[in-house]
2 protein chains.
Amino acid sequence: MPEATTTRPARVTLRHVAERVGLTPAAVSMALSGSSRISEKTKVAVREAAAELGYVPSSAGRALRRQQSGAIALIVPNTTHHVFGHLYFMHVLTGVASVANGQDAQLLVSTNADEADGITAYERVLRSRSADGAIVTSAAIGDPNVERLTTSGLPVVLIGRFPEFPEAPSVWIDDVASSRAITEHLLQVHGRRRLVHVTGPLDHQTAVDRREGFLAAVRAAGIEHDCLMVEGDFSEQSGTDAADAIRDWHADGVVFANDDMAFGGMLALRVAGVDIPGQVSVVGFDDFGLARSTTPGITTVHVPAESIAETAAHLLFALISGGVAPVAPTPEPELRIRESCGCRPAPS
Amino acid sequence: MPEATTTRPARVTLRHVAERVGLTPAAVSMALSGSSRISEKTKVAVREAAAELGYVPSSAGRALRRQQSGAIALIVPNTTHHVFGHLYFMHVLTGVASVANGQDAQLLVSTNADEADGITAYERVLRSRSADGAIVTSAAIGDPNVERLTTSGLPVVLIGRFPEFPEAPSVWIDDVASSRAITEHLLQVHGRRRLVHVTGPLDHQTAVDRREGFLAAVRAAGIEHDCLMVEGDFSEQSGTDAADAIRDWHADGVVFANDDMAFGGMLALRVAGVDIPGQVSVVGFDDFGLARSTTPGITTVHVPAESIAETAAHLLFALISGGVAPVAPTPEPELRIRESCGCRPAPS
DNA sequence: GCGTAATGGTTAATCGATTAAGCACTCAAT
DNA sequence: ATTGAGTGCTTAATCGATTAACCATTACGC
C-alpha cells in the first residue's frame with residue numbers, strides 16, 4: 001500500500017525539506033537563514049516546501065549546535081514561605097513573560113528545591129543549559145543556592161536586594177524608604193503615636209528593610225522606645241495572629257509589612273470590635289491586588305512587581321548577549337492612599 | 001601562566017569526566033546510567049569524578065538523542081481576555097508545576113500568540129519539540145489553534161470543555177450543574193424571583209455553560225421569561241458596567257458568571273445605594289481568592305483549579321509515556337456560602 | 001583565450017549523549 | 001585443548017542544525 005502523498009511525517013526535519021526540493025540539508029539551512037550564497041529562486045522554493053511540510057527547527061538540534069537554548073528560567077527557590085502561588089508571582093511572571101516573548105525566548109519556570117547529587121533542580125536547569133540564564137526571586141538571606149548561582153559564572157539576575165552580593169546583578173525597590181514613607185504618613189497625616197509594626201519573615205531582606213524603614217520613621221519622630229514590634233511571616237494568618245497583641249497594646253496605628261497580613265489583621269480586629277480606621281489606622285505593603293478589594297481598602301505602598309520583573313528580564317538578556325550589566329534604576333516608592341488609614345471615608 | 005589545577009571548565013561534558021577517569025564517554029554514560037556492563041569499581045570512580053567536576057548532562061544533547069525534551073508546556077492562547085495574570089492562572093500553574101516536579105520535568109510557560117509562518121509561538125513550542133506535550137487552558141470556542149494542536153498528533157490536554165472535540169483529552173468541571181446549583185440557592189433558600197445573569201464572554205464555553213445552568217434553574221422554576229441577561233466579559237469592569245441595568249430592572253438577585261464581575265458589580269451597586277444582600281442577593285463563581293476578601297464575602301462556586309490542573313498534568317504524562325488517556329473524573333460542584341447572598345450576617 | 005571573480009551550491013565536521021555492535025580477555029565445562 | 005559464556009570496556013553510528021571549507025559553473029575583463 002503506497003503512502004498517501006499528503007502524509008507528513010510526525011517530525012519534519014531539515015532533511016525532509018531538503019529531499020522535497022532536491023537539495024542538501026545544509027543548503028536548506030542556509031536558505032532559511034537567508035544566506036547570500038543561496039539564489040533567490042531556491043530560497044523561495046525552500047520556504048514554500050518548509051511551509052507546506054510544516055517544518056519547525058528542532059530546538060534540541062539547534063541548541064546543541066548553537067550552544068544556547070533560547071530559553072530563560074524564572075526560579076523561585078523558596079516554596080515554603082507562601083511565595084509561589086502568590087499574587088506577587090503572577091506579576092513577576094507577567095513581566096518576565098512579556099520580555100521573553102519580545103526576545104522570542106522560551107520561559108522555564110522552576111520551583112523545585114529537591115536536591116540530587118547536591119544540586120537543586122533549579123541549579124540543574126542552568127548547568128544542563130536548559131536555559132541560558134535565570135531570574136531568581138524571593139530568595140532568603142544566606143540561601144546557599146543564591147551564592148552558588150551568582151558565582152557560577154552563568155547569567156543570573158536577582159530580584160530583591162542582596163547586600164551579601166553587592167556585585168550580583170539585581171533589581172529591587174527601596175523598601176527602607178518606602179516603609180519609612182508610609183510610616184510617616186501615619187505619624188504626620190494622621191497624628192498616630194502608638195505604632196505597631198508587624199514584620200515579615202526576618203530571613204528575607206525585604207522584611208528586614210521594611211522594618212528598618214519603620215524604625216527610621218519612629219526614630220525621627222522620637223518615639224522609637226514607644227512602639228511594638230511583632231514578628232510575622234507575610235501570611236494572612238500571621239496578621240490575624242498579631243491582632244491580640246495590637247489590641248492589648250492599645251495601638252492607634254499598625255504598619256503591616258505586607259497586605260496579606262494587613263488583611264488578616266483587619267479582619268481579626270474587626271471581629272474584636274475595633275473600628276478601622278476610626279480607632280486604629282492600618283497600612284500594608286505591596287498592592288498586588290488584595291489591598292483594593294477589601295473594605296476598607298488598604299492604604300499601602302505600590303510595589304511595581306511587573307515592571308521590576310521586566311527590568312530584570314532586560315538585564316538578563318543583556319547579560320546573556322553582551323556581558324555588560326546595565327545598572328537598573330530603582331523605582332520611587334509610591335503610596336496608594338485608600339481608606340484603612342483614615343484618609344477617605346469608606347464607600348457605603 | 002599555567003591554569004590553576006582546580007579550574008573547572010564552564011561547561012562540563014561527558015568527555016571531561018571520561019578523561020578524568022581514563023575512559024571513553026560511552027563508558028561514563030553507561031556507568032552513570034547504572035548499566036550492568038560496567039564494573040562496580042568503575043561506577044564509583046565515575047560518580048566521584050562527575051560530582052567533583054559538577055557534571056550535569058546537557059539537556060540539548062540528551063533531548064536530541066532521546067527524541068524527547070523532558071519538558072511540558074503550559075499554553076495560554078488567550079492573552080486578550082484578562083486570563084494570563086489572573087488568579088486562575090496561578091492556581092493552574094501551581095498544580096501543573098507540582099506534578100511536573102514530581103516527574104522531574106521542566107515546565108515551559110507559553111503565552112505568545114504572535115504568528116510567524118502561520119504558526120503561533122506556542123504551536124512552535126510543540127513542533128520544535130521544546131516540550132513533549134502541552135496543557136492548553138482558557139482557549140476560546142472555535143480557536144483554530146486548539147484544533148491544530150489537538151489534531152496534530154502531539155500529546156495535548158485541554159483544560160475546559162470542548163464539545164467540538166469530544167475525543168480530545170480534557171479536564172473540566174460541570175459548569176452547567178454548578179451554575180444551576182448556585183442559581184437554585186438564590187431561588188430556593190432566599191426566595192429571590194427577579195434574577196439577572198451577567199455572563200462571561202460567550203465565545204468561551206465556560207461562559208456558555210454557566211449561562212446554560214442559570215437558564216436551567218429559572219426554567220425549572222417557571223420564571224424563564226422574567227429574568228434579565230447581561231453580557232459581560234469576566235472583567236471587573238464589565239461587572240461594574242452591569243450595575244445600572246441591574247438596578248433599573250429592580251432585580252432582587254444577581255448571578256455573576258465569575259467573582260471579578262461580582263466584585264465590580266457589588267461596588268457599583270453599593271455606591272448607588274443598593275444594600276447587598278438586603279435588597280439584592282449576589283453570587284459569583286470561581287473562588288480563586290477574591291471572593292473571600294471582599295465585604296460582604298461573595299457566595300460562589302468553588303472551582304478547584306489547582307486540582308484540575310494536576311489532573312490535566314497527570315493525564316498529559318500518561319499520554320506522553322503510555323498513549324492511553326485515562327478518563328478524568330469530573331469534580332462535583334461545591335458552593336461556598338458567604339454573605340453576599342444573605343445567608344450569614346456580614347461581620348462588623 | 002585565459003586568469004579571476006562571482007555564483008550557488010555540496011561535503012564534512014561539530015555540538016553532547018546514548019546505545020547497538022564489536023572486541024579482548026578470563027574462567028569453566030566438555 | 002577447545003568451545004562457550006561472561007565481563008568490561010571501546011568503536012562507531014545516530015539524533016538535527018549549522019557552518020567552515022571546498023568545488024563546480026558561468027561571467028567577465030583585458
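Since the structure is predicted, the reported quantities are computational estimates derived from the model, not experimental observations.
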Return all side-chain donor-acceptor pairs below 3.5 angstrom for residues 21-36 of chain A, not counting sequence neighbours, or 'none' if the list is empty.
residue, atom, partner, partner atom, Å
A:Thr24, OG1, A:Ala27, N, 3.3
A:Ser33, OG, A:Ser29, O, 3.3
A:Ser33, OG, A:Met30, O, 3.1
A:Ser35, OG, A:Arg37, N, 3.0

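Counting only distance, with no hydrogens or angles, the side chain of A:His204 and the backbone of A:Thr206 share no donor-acceptor pair below 3.5 Å. A distance-only check finds no donor-acceptor pair linking the side chain of B:Arg127 to the backbone of B:Ile119 [under 3.5 Å]. In terms of modelled atom types and a separation under 3.5 Å, the side chain of A:His314 and the main chain of A:Thr311 share no donor-acceptor contact. Between the side chain of B:Ser59 and the backbone N or O of A:Ser128 there is at least one donor-acceptor pair closer than 3.5 Å.
Following rounding to the nearest Å, A:Glu40 (CD) and C:dA6 (P) show an atom-to-atom distance of 20 Å. Separating the CG atom of A:Leu23 from the C1' atom of C:dT10 is a distance of 10 Å, rounded to the nearest angstrom. Here the P atom of nucleotide D:dG16 and the CZ atom of A:Arg11 are 8 Å apart, to the nearest Å. Taking atom CZ on B:Arg15 and atom P on C:dT18, their separation rounds to 15 Å, with Å as the unit. Rounded to whole angstrom, the span from the CD1 atom of B:Ile38 across to the C1' atom of D:dG6 amounts to 14 Å. In this structure, B:Leu14 places its CG atom 20 Å from P of D:dT14, rounding to the nearest Å. As rounded to whole Å, 15 Å separates atom C1' of C:dT19 from atom CG of B:Leu32.
Distances were taken from every side-chain heavy atom of B:Ala27 (C-beta onward) to each of D:dG16, C:dA17, D:dT10; the shortest belongs to D:dT10. Across C:dT18, D:dC9, D:dT19, the shortest atom-to-atom separation from the side chain of A:Met30 is found for D:dT19. In this structure, the nucleotide among C:dT10, D:dG16, C:dG8 sitting nearest to the side chain of A:Thr13 is D:dG16. For B:Arg37, whose side chain is taken as the heavy atoms from C-beta onward, the closest listed nucleotide among D:dT7, C:dT7, C:dA12 is D:dT7.
In terms of phosphate contacts, B:Ser39 brings a side-chain nitrogen or oxygen within less than 4.0 Å of OP1 or OP2 of D:dC9.
Considering only residues two or more places apart in sequence or on other chains, A:His91 meets the ring-ring contact (aromatic ring centres under 6.0 Å, His included) condition with A:Phe288.
Within the nucleic acid shown, A:Thr42 comes within 4.0 Å of sugar-phosphate atoms alone, with no base atom in reach, counting heavy atoms only.
Proximity of residues 55-72 of chain B to DNA chain D (heavy atom under 4.0 angstrom from any strand atom) is restricted to B:Leu64, B:Arg65, B:Gln67.
Taking 4.5 Å as the limit, some side-chain heavy atom of A:Val96 sits within range of a side-chain heavy atom of A:Leu107.
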